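Here the structure comes first, spelled out in structure tokens, and everything after it is commentary.
It should be emphasised that the depicted structure is a prediction, and the values quoted were computed from it without experimental measurement.
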Amino acid sequence: MVLRRLLRKRWVLGVVFGLSLIYFLTSTLKQEERTIRDRNLLEARDKDRPIPWKIRFNLGNSSRQISQCRNSIQGKTLLTDELGYVCDRKDLLVNGCCNVNAPSSRQYMCKSCLANGCCNIYEYCVSCCLQPDKQLLLERFLNRAADGFQNLFTAVEDHFELCLAKCRTSSQSVQHENTYRNPQAKYCYGESPPELLPI
């Protein structure tokens with residue numbers, strides 16, 4: 001009852017409005033400062049100096065023991081682990097790695113991939129991209145990455161994360177922003193976009 005009467009007073013409403021306005025203005029100014037700072041950092045980068053990429057490439061078939069694996073997670077039936085194995089979801093071990101002894105497990109699977117590095121299946125794209133001989137191709141891509149991609153790819157830490165990001169459907173895979181250039185090969189780790197198929 002007392003609270004209801006207090007809220008009906010104009011000065012209380014004025015104080016609430018004033019505090020809301022102050023909060024709005026300070027948060028807007030902080031956002032503007034962050035935007036200006038980020039823009040200045042991007043403009044300050046020397047165009048002739050290559051970006052200091054953080055990517056660590058794996059050692060391929062090394063003898064290192066791995067107790068936990070990251071994997072591509074999203075596949076309904078297939079998954080790819082960070083060692084390059086593709087397996088059925090049912091053959092995934094509790095540590096996140098594919099069971100290498102399962103009949104469905106294959107390492108560096110490029111079964112649905114074309115010569116240009118575009119694949120029909122996302123998990124095969126990631127697995128194929130993880131092949132050690134793809135390192136030079138990926139380094140060339142990183143050194144030529146457009147400004148728009150730099151924010152995405154500078155956040156990537158290693159070979160596996162790079163392949164996950166690179167194989168996701170990108171603007172290179174689509175035409176007119178609404179149709180795939182090649183619906184049968186829309187996941188690409190290569191340098192060139194999928195070949196444009198006639199409609």
Single hit among Leu130, Asn71, Val126 for side chain to side chain contact (heavy atoms under 4.5 Å, CB included) with Leu164: Val126
Is it the case that the side chain of Asp158 and the backbone of Glu161 share a donor-acceptor pair, with hydrogens and angles ignored and the cut-off at 3.5 Å? yes
Same hydrophobic cluster for Leu78 and Met109, using side-chain heavy-atom links shorter than 4.5 Å among ILVMFWY? yes
Quick one: CD1 on Ile121 to OG on Ser127, what's the gap to the nearest 0.5 Å? 11.0 Å
So CD of Gln131 and SG of Cys113: to nearest 0.5 Å the spacing works out to 8.5 Å
Could you tell me whether the side chain of Ser72 and the main chain of Thr80 form a donor-acceptor pair under 3.5 Å? yes
Check whether Leu83 and Tyr124 end up in the same hydrophobic cluster, where Ile, Leu, Val, Met, Phe, Trp and Tyr are linked by side-chain heavy atoms less than 4.5 Å apart. no
For residues Tyr187 and Tyr108: do they belong to one hydrophobic cluster (side chain heavy atoms under 4.5 Å, members Ile, Leu, Val, Met, Phe, Trp, Tyr)? yes
May I ask you to check if the distance between the SG atoms of Cys188 and Cys118 is under 2.5 Å? yes
Do the side-chain sulfurs (SG) of Cys69 and Cys98 come closer than 2.5 Å? no
Measuring only between side-chain heavy atoms, which start at C-beta, is Phe160 closer than 4.5 Å to Asp81? no
Show the numbers, then the answer: is there a disulfide (SG to SG under 2.5 Å) between Cys110 and Cys119? CA-CA 8 Å; Cys110 298; Cys119 309; over 6 Å; no
Test side chain to side chain contact (heavy atoms under 4.5 Å, CB included) on Cys128 and Tyr189 and set out the steps. CA-CA 8 Å; Cys128 199; Tyr189 63 84; 3.4 Å; yes
Do Thr28 side-chain atoms and Phe24 backbone N/O form a donor-acceptor pair below 3.5 Å? yes
Assess whether side chain to side chain contact (heavy atoms under 4.5 Å, CB included) is satisfied between Leu138 and Leu162, documenting all intermediate values. CA-CA 8 Å; Leu138 294 169; Leu162 176 61; 3.9 Å; yes
What's the separation between atom CG in Leu19 and atom CZ in Phe17, rounded to the nearest 0.5 Å? 11.0 Å
Taking the side chain as C-beta and beyond, is there a heavy-atom pair between Leu79 and Arg89 under 4.5 Å? yes
Side chain to side chain contact (heavy atoms under 4.5 Å, CB included) evaluation trace for His159 with Glu82: CA-CA 9 Å; His159 192 176; Glu82 65 183 297; over 6 Å; no
Could you tell me the separation between the CG atom of Asn95 and the CZ atom of Arg70, rounded to the nearest 0.5 Å? 13.0 Å
Would you say Ser20's side chain and Val16's backbone share a donor-acceptor pair under 3.5 angstrom? yes
Can you tell me how far the CZ atom of Arg168 sits from the OH atom of Tyr122, to the nearest 0.5 Å? 4.0 Å
Check the SG atoms of Cys125 against those of Cys167: under 2.5 Å or not? yes
